[in-house]
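Note that the structure is a prediction, hence the values are computed from the model and not measured. In each ligand, atom 1 is the first atom listed, and ligand 1 is the first ligand listed.
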Amino acid sequence: MIGQLKMSDAPCPDSRNLVLTGFMGTGKSTIGQAVAGRLQRPFIDMDEVIVQRAGKSIPSIFADDGEETFRKLERSLCQELARQTGLVIATGGGALVAPDNRAALGHNGLVICLAADPAVLVARLEGDQNRPLLATDDPVQQIKQLLQARTTAYQSLPHHIDTTYLSLEDAVEAVLTLWNKHCM
Ligand code: S3P
């Protein structure tokens with residue numbers, strides 16, 4: 001409404017990072033970018049940083065160096081980002097499955113886990129060529145197995161938003177509402 005400040009536009013002086021995590025296809029990067037714009041903060045897409053530094057795509061890192069190497073790069077980036085403030089960060093979908101990475105980014109960040117219905121994730125991820133974990137004979141089964149294997153890790157995160165039925169605009173509002181609610 002004209003002349004009225006939306007709750008999510010109220011300035012929050014919190015210097016912690018705002019961290020979006022959750023399974024592939026839940027909208028972390030798109031929503032994170034838009035949230036960073038609204039908060040006028042730098043946006044860090046962890047996968048993009050890893051790709052830039054490695055000089056090759058994520059499928060190439062997995063193919064040439066193995067998932068283990070990718071997880072090491074991810075882990076050291078978590079440690080690095082945990083020493084910074086004022087960022088909006090989108091993690092890769094598996095980054096915060098490891099407890100030490102959850103602890104690192106949660107130490108000085110508000111961590112929000114995005115989720116969506118498995119059927120919607122399957123539709124969003126169908127035909128994707130950039131996610132090596134889904135390059136199997138049966139990607140649908142793989143999505144279900146990975147979701148199940150990660151349930152406990154994701155559930156242990158402090159805040160959750162289901163993006164299944166949310167437009168980008170609504171998802172951004174939901175993140176900003178949580179951010180302002182937990183502003184320190
Ligand atoms: C992964 C998710 C990907 C990327 C890598 C591994 C995972 O990121 O980090 O392919 O383990 O779930 P997105 O969640 O951005 O697709």
Side-chain angles (χ1 to χ4, degrees), residues 17-36 42-82 87-106 109 111-157 159-164 166 168 171-172 175:
N17 297 322
L18 196 170
V19 182
L20 295 183
T21 194
F23 200 74
M24 297 174 263
T26 52
K28 302 178 293 288
S29 299
T30 312
I31 297 166
Q33 182 113 48
V35 166
F43 175 60
I44 305 291
D45 185 311
M46 285 184 54
D47 283 345
E48 267 180 26
V49 174
I50 289 171
V51 165
Q52 272 171 17
R53 289 181 180 176
K56 50 181 152 181
S57 68
I58 288 179
S60 298
I61 298 173
F62 272 66
D64 299 349
D65 313 308
E67 180 175 350
E68 197 68 13
T69 298
F70 174 77
R71 297 301 172 196
K72 278 187 189 149
L73 296 171
E74 202 168 51
R75 176 168 276 110
S76 79
L77 184 54
C78 282
Q79 298 292 334
E80 185 183 327
L81 293 172
L87 304 172
V88 174
I89 299 168
T91 77
L96 299 199
V97 172
D100 55 337
N101 291 349
R102 286 203 294 280
L105 287 188
V111 180
I112 301 175
C113 183
L114 304 183
D117 284 354
V120 168
L121 291 177
V122 167
R124 288 182 189 167
L125 296 168
E126 196 183 3
D128 189 285
Q129 300 296 315
N130 203 37
R131 288 171 166 114
L133 289 181
L134 302 184
T136 70
D137 291 343
D138 191 347
V140 173
Q141 186 58 22
Q142 174 74 345
I143 288 170
K144 287 181 182 159
Q145 275 176 6
L146 277 173
L147 274 170
Q148 194 170 5
R150 293 177 177 180
T151 302
T152 309
Y154 289 149
Q155 286 306 323
S156 74
L157 292 162
H159 306 289
H160 299 263
I161 295 173
D162 189 330
T163 66
T164 306
L166 297 184
L168 172 59
V172 169
V175 170

Non-hydrogen side-chain atoms of D100 and R75 separated by less than 4.5 Å: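 Contact flag for D100/R75 side chains = yes.
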
I'd like to know if the side chain of [X] reaches the main chain of [Y], judged simply by a donor and an acceptor atom lying under 3.5 Å from each other, with no hydrogens or angles considered.
X: T163; Y: A116; result: no
X: T69; Y: D65; result: yes
X: Q142; Y: L133; result: yes

Plane angle bin for F62 and F70 - parallel if under 30°, tilted between 30 and 60°, otherwise perpendicular: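 Tilted.
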
Between the protein and ligand 1, which nitrogen or oxygen pairs come in under 3.5 Å, and how far apart is each?
residue	atom	partner	partner atom	Å
ligand 1	8 (O)	D47	OD2	2.7
ligand 1	8 (O)	G93	N	3.4
ligand 1	9 (O)	D47	OD1	2.9
ligand 1	9 (O)	D47	OD2	3.0
ligand 1	11 (O)	R71	NH2	2.7
ligand 1	11 (O)	G94	N	3.4
ligand 1	11 (O)	R150	NH2	2.7
ligand 1	12 (O)	G94	N	3.2
ligand 1	12 (O)	R150	NH1	2.7
ligand 1	12 (O)	R150	NH2	3.3
ligand 1	14 (O)	K28	NZ	2.7
ligand 1	14 (O)	G93	N	2.9
ligand 1	15 (O)	D47	OD2	3.4
ligand 1	16 (O)	R131	NE	2.6
ligand 1	16 (O)	R131	NH2	3.1

Closest heavy-atom pair and its distance - L77, M46: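 Result for this residue pair: CD2-O, 3.6 Å.
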
